[in-house]
Amino acid sequence: MQIPRDDLIRAYRTMRLIRTFETRVHAEAQGGRVPGSTHLYAGQEAVAVGVCMALGDGDWIASTHRGHGHSIAKGCEVGPMMAEILGRATGTCHGKGGSMHIADLTKGMLGANGIVGGGPPIVCGAALAAKTLGTGAVAVCFSGDGAVNQGTTAESLNLAMVLALPVVFVVEDNGWGEATSSAYATAGDIVARARGYGMRAEKVDGLSLSDVREAAKAAVDHARAGLGPSLLHVTTERFHGHFNGDPDTYRSEAAKADQRANRDCLKRLRVLMAEGGLADPSALDAIDAEVEAEMEAAVLAARAAPMPDAAALTDDVYLTYEDAPWP
Amino acid sequence: MAVRSFRAALNEALHQAMAADPRVILMGEDVTGGKGGDGVEDAWGGAFGVSKGLLGAFGPGRVIDTPITESAFVGAAAGAALTGLRPVVEIMFVDFLGVCLDQLMNQAAKFRYMFGGRATTPMVLRATFGAGARSASQHSQALYPILTHIPGLKVVIPSNPADAKGLLIQAIRDDDPVVFLEHKMLYDETGEVPDRPYATPFGEARVVREGGDAVIVALGRMVGRAEAAARTLAAEGIQAAIVDPRTTSPLDHGTILEYAEETGRVVVVDEASPRCGMAADIASLVAERAFDALKAPILKVTPPHTPVPYSPVLEDAYLPDAARIARAVRRSVAHRAARGGRA
Amino acid sequence: MSRIAAVTMPKWGMTMTEGRVAAWLKAEGDAVEPGEDLVEIETEKITNVVEAAEGGTLRRILVAPGQTAPCGAPIALIAGADATGAELDAVAAGGAVAAAGTAAAERRLVTGADGIGLSVVTANGGAAGVPVVLIHGFASDAAVWMFNEDALAAGRPVHAVDLPSHGASGVRAEATGIDALAAAVRDVAEALVRGGPLHLVGHSLGGRIALRLARGMGGRVRSLTLIAPAGLGSGVNAGFVQGYLAADRRRAMRDALRMLVADEASVTAEMVENALAAKRIDGVGEALAAIAAQTLSPEAAASGLDDLAAMACPVLILWGAEDRVVPPAAGVGATRIESAGHLPQMEQAARVNALILAHVGGAE
């Protein structure tokens, strides 16, 4: 494997952190402590982590409603994230956004997005700014298989090519757009669509961290060299339903069991690392335990954190607004 | 100071703002025109000529022609604003709001709030609006009530060249997302405009005319019509004040209420569609906060609740004109309460 | 045959070429006394009322509300009841009485070594008489002379300067003290009079500047007129200065401007708007604050007495009796103008014009 061992260990840790985070969010939701809905990323960790391994602190990502994994992979802190999901004042967005709007521009995370297809234009903008200001940054758009059919995606692919923007479109195809399979809802081939715009594109096995990382690195390097955008059609699997209230009956129990047993990217990485002699199971177990402890602390802290003050309701609508607004 | 057209005043504002700050970029359809052709560059300088000459002054890196893809480029402006640029993005007609509303309403307007104050979106969305050009239903709307309705957006409607320049410079300097609306029938109107850069604050109305008998609150192109009505009324001995809010969000309710209280008779003129419009909004403000000073019901002069028609006879009947405004003021002045009431 | 007097479109300010009749305040057939409000006239800059200069009957209105007419054109006829229709027709058809300097005034920018241009508007530039240079005061501009320029331009050029960082002049961040301001005005004056003689008229801070300037130019200054000048010992109302500098909204600016006049109702919404717009030009606010700090402070209150004592030419000092901004200084021989505040040249224009003309004429 070409990935340095330390990077791989770090990647494993981040993937485990995402998995555990999502498991804990699920538990909080089941326990009635999450005010709204959540959309869990468990099962897709290799995509977020593999892509973000190719990015630096100055690069940008935008995400979807299923954004916890991307946020963590880009460096957002789990404590404030958990607090945000529980609606607390100490949350990443001070309780103003919730699960679907977690953002941290200091970490280059332009936000999870409640609108399917909301991200691609914004990422084109970040890429335009990077190009205009000469920062050398690259902007990555994580979209789902549902968003790929949105008008905004088509427009953004076109715009990124026309303006030669340093963008990587990562279409994270977990097979399901809400309760409808992508096989049903998507005509033609996603890679062919991108190539129809003259864009560099490839299909990637999203269960393989190294495949994802390799493809991402090539696309990011291409963009950073000023050669324009790419699209990665990354196939992956989600373990939970669309959102926390989804009984997920559109997939058979057998299929879901098979998925957990045989198509778990974390298990695959463990196996690969053991086979490659890069880490023995006990070392990885130790990481798992550490992550458990970190998440336990985060959840307890989030549960204990204060709710926002009532005055926060009218904060931050604008930066300035002369005259008291009426009403 | 020089006499300039509304269009030239806007052009000057863009020039001066772009010269002062390299982060300001202009993007939209045909803001230069001629891209990819073998004819002249900067063929249009904007569909209405507002951006002519900017390409030559600042280059294609800062003056960007886009494909006809409003969602993508309005969203790109929002994303660029989040990450260090100060984009001025243009949609050719505010009627095209429908094809990019999500990027403005759900994204740009809400980033600051949703992200807990940890983001700023210093973008300006410019668009033409308004009826009178015989452009029919899909190219003649006002729609600023819809925009005013969205928390997180500032909405600016200049009525004359001097305000056009000062308000656009302010919009570009403002760190919040601003929608800047230019009435397509005002581009050729002229007026005195200071040569140097200046910023006119938002949330401050202009008192166009003083008068003690009634106050006409008017926006955009309706300000000129209110002035014509006021001249007619003055000859009849009725002195009507005119207040031009200039921005609907923030709204200078202080000045509106001051004149409502002073005159007791309020007429609001608004060319936007009447349901849930600015006339209704301002009337509600006055009714709630100046009720005891009122000597007559608040009157609204608006179009009927129809799409904008095509034929000139119909379009002219659609829009409020000076005669209708004057009639409303006379009605207000003539009003006597059914039982007793204040004279 | 009774005398028929034409009421003509006035000329307010050098750049006014036409005005619009906003409303007639008297009807045809009404008796009119001298000084009565007759008609409301609207221009680009200001809306104001014209008073009847003569008594009689308003026999004919020639320009209806909403219509415009050039400066000097007849807009109504006042006569006795005995004037016949034919006689009135004859006068109405007689054409415009050209007001002195109705030919479009010339606006120029005199550019200094620093590349900053100072604006000056000249009326009757080709006339042979000794020119008059008008210098406005703090937070004002050449428009303050709009009711005076026409009268003063009879037979001589009149030049109205905009001080640095005021009006249409560029912002000069370093020109904030008396010497720098006087030097800037001197550059402009020299470009205009080219070594020749001139009369100086200065208002408020402009009066203080005129004193310093006159001292430097010696015998070339034939007469000096100071209207409510700063620097003669009475100090400047700090409340006005601070209020003006701080005012960024309509109401605050209106309150500040009301201090300038005896009749508060004469502060129009338009004046307030123009004052705000002038301050909002980039750099102006900072420059004005610096000018105020250096020239209108208590320390500067009597700084002009020395220059005044050194004046060789005739000096006329006019002061509004109700001036709350620069109170009338004692012991300088000022002529009091009743019913006027800090802007007597606007508030009692006819009287001030007569006094200046007499002073300028007497000095030649």
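Reminder, nothing fancy here: chain letters follow the sequence lines and each chain counts from 1.
- The contact between Phe111(B) and chain A is made entirely by side chain atoms (from C-beta outward), counting heavy-atom distances below 4.5 Å.
- Residues Glu172(A) and Arg66(A) are not paired through a salt bridge, judged by the lack of any N-O separation under 4.0 Å between the basic side chain and the carboxylate.
- Ring pair Phe58(B)/His15(B) is tilted by interplanar angle, where 30° to 60° counts as tilted.
- Heavy atoms closer than 4.5 Å to chain A are found in both the backbone and the side chain of Ser249(B).
- Counting only distance, with no hydrogens or angles, the side chain of Asp30(B) and the backbone of Ala47(B) share no donor-acceptor pair below 3.5 Å.
- Listed in order of number, the residues of residues 128-138 of chain A that approach chain B to under 4.5 Å between heavy atoms are Leu128(A), Ala129(A), Thr132(A), Leu133(A).
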Only pairs under 3.5 Å count here: list side-chain donor-acceptor contacts from residues 155-164 of chain A, not counting sequence neighbours, and write none if there are none.
residue   : atom : partner   : partner atom : Å
Glu155(A) : OE1  : Ser71(B)  : N            : 3.2
Glu155(A) : OE1  : Ala72(B)  : N            : 2.9
Ser156(A) : OG   : Thr152(A) : O            : 2.6

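- In this structure, Leu227(A) places its CG atom where more than 12 heavy-atom neighbours from other residues, nucleotides or ligands lie under 6.0 Å away.
- Within residues 105-123 of chain A, the residues having any heavy atom under 4.5 Å from a heavy atom of chain B are, by residue number, Leu105(A), Thr106(A), Leu110(A), Gly111(A), Asn113(A), Ile115(A), Gly117(A), Gly118(A), Pro121(A), Ile122(A).
- Under the side chain to side chain contact (heavy atoms under 4.5 Å, CB included) criterion, Lys74(A) pairs with Cys52(A), Leu55(A), Ile61(A), sequence neighbours left out.
- With a 6.0 Å cutoff to the six-membered ring centre and a 45° limit on the axis angle, Lys96(A) counts as a cation-pi contact of Tyr113(B).
- Classification of Asp21(B) and Arg23(B) as a salt-bridged pair holds, one side-chain N sitting under 4.0 Å from a carboxylate O.
- Heavy-atom pairs under 4.5 Å with chain A peak, among Ala119(B), Pro67(B), Pro22(B), at Pro67(B).
- With Glu90(B) as reference, Val31(B) is the one residue of Val31(B), Leu125(B), Val74(B) to meet the side chain to side chain contact (heavy atoms under 4.5 Å, CB included) rule.
- Only the side chain of Ile25(B) comes within contact range of chain A, judged by heavy atoms closer than 4.5 Å.
- Contact annotation for Lys110(B): neither backbone nor side-chain heavy atoms come within less than 4.5 Å of a heavy atom of chain A.
- Using a 4.5 Å heavy-atom cutoff, the side chains of Ile256(B) and Leu251(B) are in contact.
- In terms of heavy-atom pairs under 4.5 angstrom with chain A, the leader among Ile68(B), Thr121(B), Leu153(B) is Leu153(B).
- The shortest side-chain heavy-atom distance between Arg118(B) and Thr92(A) falls under the 4.5 Å cut-off.
- At distances below 3.5 Å, at least one donor-acceptor pair connects side-chain atoms of Arg193(A) with backbone N or O atoms of Ala187(A).
- Chain A forms the most heavy-atom pairs under 4.5 Å with one residue out of Ile64(B), Val99(B), Asp102(B), Asp175(B), and that residue is Asp102(B).
- Ring planes of His242(A) and His39(A): perpendicular class, angle over 60° (limits at 30 and 60°).
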